[in-house]
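We count residues from 1, following the sequence as given. When a ligand or atom number is given, it counts from 1 through the structure's own listing order.
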Amino acid sequence: MSIERFPGFIDVHVHLREPGATHKEDFYTGSRAAIAGGFTFMVDMPNNPTPTITKERLEEKVDLSKKALCDIGFHFGTNGHNTEEFAKIWDSPSVFGLKLYCNHTTGEMLIEDKDLLDKVFSAWNSLKPILVHAEGAQLEMALAFALKYQRRLHVCHISQAIEVELVRKAKASGQPVTAGVCPHHLYMTGDAREKLKGYAMMKPPLGTQEDMDALWVGINDGTIDIVETDHAPHTREEKEKEQPAFGVPGLETAVGLLFKGVKDGRIQKEQVTKLLYSMPKQIFNIPDQGDTYIELDPDKEYVVTPPYETKCGWSPFEGMTLYGKPETVVIRGKKIVENGKIVTN
Ligand code: NCD
Ligand code: ZN
Ligand code: ZN
């Protein structure tokens, strides 16, 4: 057992809820959850109640995010009717990609019309990736549009065996596509809904054992490039409703779950850095953070227990034994976490 140093990890898929839903999370509390979990850079999604689909909304977010304790970038959003905004924002250093929703989920940005999708893929003439929420058949369609316009495509939260196969085939054919997986899809199947009820409801939904096994295979054969948390906090009240809100928080548990994967022999230790740092950095061209690192003991176990830093105050992994809780976090030479406690505000 010994403390090891790792780079500050990168999470390219979080929903920090500000502005518009700050009863769930905000940039400050979300950033506390990030650093407690070992992340020093994250990229926020555009599905706020007023979506991030104009330059003005983007600038508002950049401004609001200044209170965060770590670095935050943004994915721009589209409903198919804002393509004239693309060229105004795609060179912004705050923008890392364009997010496209091809299935119903939290937010109001679903695009189902094929002509609109065609227009979006055609208009995004940038090397920054188009990120898709596209499950099953929708993924096939997204891959086809990306191929048609030769756009770089990042498949978010891949969750089904059939999707792993689609990405594997696309990669084999030489198409520039990457894929991310969420920790909850690696550790839970639909059976978890019996006990966790609404707390186990998210998009894409939890799959079967076969899906879960395929995701681990995909990680190990290079089909899956990164782990993204899809940190999607909702209040307990929202999760206990008859129609629960979709999404689970994940920033504080992702690293511990991956080191559990190492402990359990599912992946090698080097892959953790690849999945949470080198590959996300490369795919999304995340800037260097000088003198930034975290320290943890990958063999040291801990149990997921409250309190949590995320404003929603719960975790679907509560009670689970994980490994490697971040003990030190340093960003640009400044100690942010010391002995596992946040020491700045
Ligand atoms: C996300 C949210 O709540 O913003 N929910 C989810 O279940 N994953 C939206 C999304 O990523 O699809
Ligand atoms: Zn999604
Ligand atoms: Zn998401």
Side-chain angles (χ1 to χ4, degrees), residues 10-27 30 33-34 39 42-53 61 72-79 96-112 129-136 138-139 142 153-160 163 178-188 190 192-193 196-207 226-239 241 243-251 253-254 280 284 310-312 314-316:
I10 299 167
D11 187 355
V12 301
H13 187 158
V14 297
H15 302 268
L16 299 178
R17 310 301 192 199
E18 188 170 357
T22 51
H23 62 291
K24 302 175 198 268
E25 195 78 287
D26 60 52
F27 286 119
F39 293 96
M42 52 185 167
V43 191
D44 181 54
M45 286 292 174
N47 63 332
N48 297 70
T50 303
T52 318
I53 56 175
K61 266 191 163 182
I72 301 182
F74 298 91
H75 296 304
F76 198 63
T78 185
N79 56 7
F96 290 85
L98 176 74
K99 180 66 184 286
L100 188 58
Y101 292 88
C102 299
N103 297 94
H104 168 66
T105 185
T106 310
E108 301 292 330
M109 269 185 289
L110 173 63
I111 307 182
E112 286 180 299
I130 296 177
L131 300 91
V132 278
H133 177 134
E135 305 173 30
Q138 312 306 107
L139 176 55
L153 189 74
H154 176 75
V155 182
C156 292
H157 45 44
I158 188 171
S159 67
Q160 301 175 36
E163 296 166 357
T178 55
V181 66
C182 301
H184 45 269
H185 292 120
L186 290 172
Y187 281 94
M188 291 194 274
R193 286 191 288 262
L196 294 177
K197 306 277 187 312
Y199 293 98
M201 304 279 264
M202 77 289 288
K203 295 285 185 171
L206 294 171
I226 67 168
V227 167
E228 54 194 47
T229 68
D230 194 7
H231 179 79
H234 297 284
T235 64
R236 284 181 178 278
E237 196 189 340
E238 291 161 344
K239 294 301 270 180
K241 279 189 185 153
Q243 300 284 329
F246 299 116
V248 293
L251 281 166
T253 44
F284 293 96
T310 174
K311 200 184 273 187
C312 73
W314 57 274
S315 165

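Annotation: Lys203 places an N or O atom under 3.5 Å from an N or O atom of ligand 1; distance criterion only. Note: no N/O pair closer than 3.5 Å links Met202 and ligand 1 by distance alone. Every N/O-N/O distance between Lys99 and ligand 1 stays at or above 3.5 Å. For a threshold of 3.5 Å applied to N or O pairs, the pair formed by Gly247 and ligand 1 contains at least one separation below that value.
Remark: Phe96 engages Phe41 in a ring-ring contact (aromatic ring centres under 6.0 Å, His included) (not counting sequence neighbours). Residues satisfying the ring-ring contact (aromatic ring centres under 6.0 Å, His included) criterion with His75, sequence neighbours excluded, are Phe284. Contacts of Thr178 classified as side-chain contact (heavy atoms from CB on, under 4.5 Å), with partners at least two apart in sequence or in another chain: His154, Asp225, Ile283.
Using a 30° and 60° split on the angle between ring planes, His157 and His13 fall in the tilted class, from 30° to 60°.
Residue contacts with ligand 1 for Asn47 involve side-chain atoms from C-beta outward but no N, CA, C or O (heavy atoms, distance under 4.0 Å). Contact annotation for His234 and ligand 1: only side-chain heavy atoms (C-beta onward) come within less than 4.0 Å of the ligand. Only side-chain heavy atoms of His13 come within less than 4.0 Å of ligand 1; its backbone N, CA, C and O stay farther off.
Using a 4.0 angstrom heavy-atom cutoff, Arg17 counts as in contact with ligand 1.
The shortest side-chain heavy-atom distance between Pro205 and Glu135 falls under the 4.5 Å cut-off. Between Trp314 and Val248 there is a side-chain heavy-atom pair separated by less than 4.5 Å.
Of the protein's non-hydrogen atoms, the one nearest atom 10 (C) of ligand 1 is Thr105 OG1, 3.3 Å. When hydrogens are left out, the protein atom nearest atom 5 (N) of ligand 1 is Phe246 O, 3.1 Å; that is the closest non-hydrogen contact.
With Lys239 contributing its side chain and Ala245 its backbone, the two residues share a donor-acceptor pair below 3.5 Å. At least one donor-acceptor pair under 3.5 Å links the side chain of His185 to the backbone N or O of Pro204.
With Lys24 as the fixed residue, the side chain to side chain contact (heavy atoms under 4.5 Å, CB included) test singles out one of Glu18, Arg17, Lys311, His15: Arg17.
At a cut-off of 2.8 Å, measuring from the Zn ion (ligand 3), the protein N, O or S atoms that fall short of it are His13 NE2, His15 NE2, Asp230 OD1, waters left aside.
Listed by number with element, the atoms of ligand 1 under 4.0 angstrom from any heavy atom of Ala232 are 1 (C), 2 (C), 3 (O), 5 (N). Those atoms of ligand 1 with a heavy atom of His133 less than 4.0 angstrom away are 12 (O).
Smallest separation of non-hydrogen atoms from Asn103 and Ala134: OD1-CA, 3.3 Å. A pairwise comparison of heavy atoms in Leu206 and Ala192 identifies CD1-CB, 4.1 Å as the closest pair.
Of the N and O atoms on the side chains of Glu237 and His23, not one donor lies less than 3.5 Å from an acceptor on the other residue.
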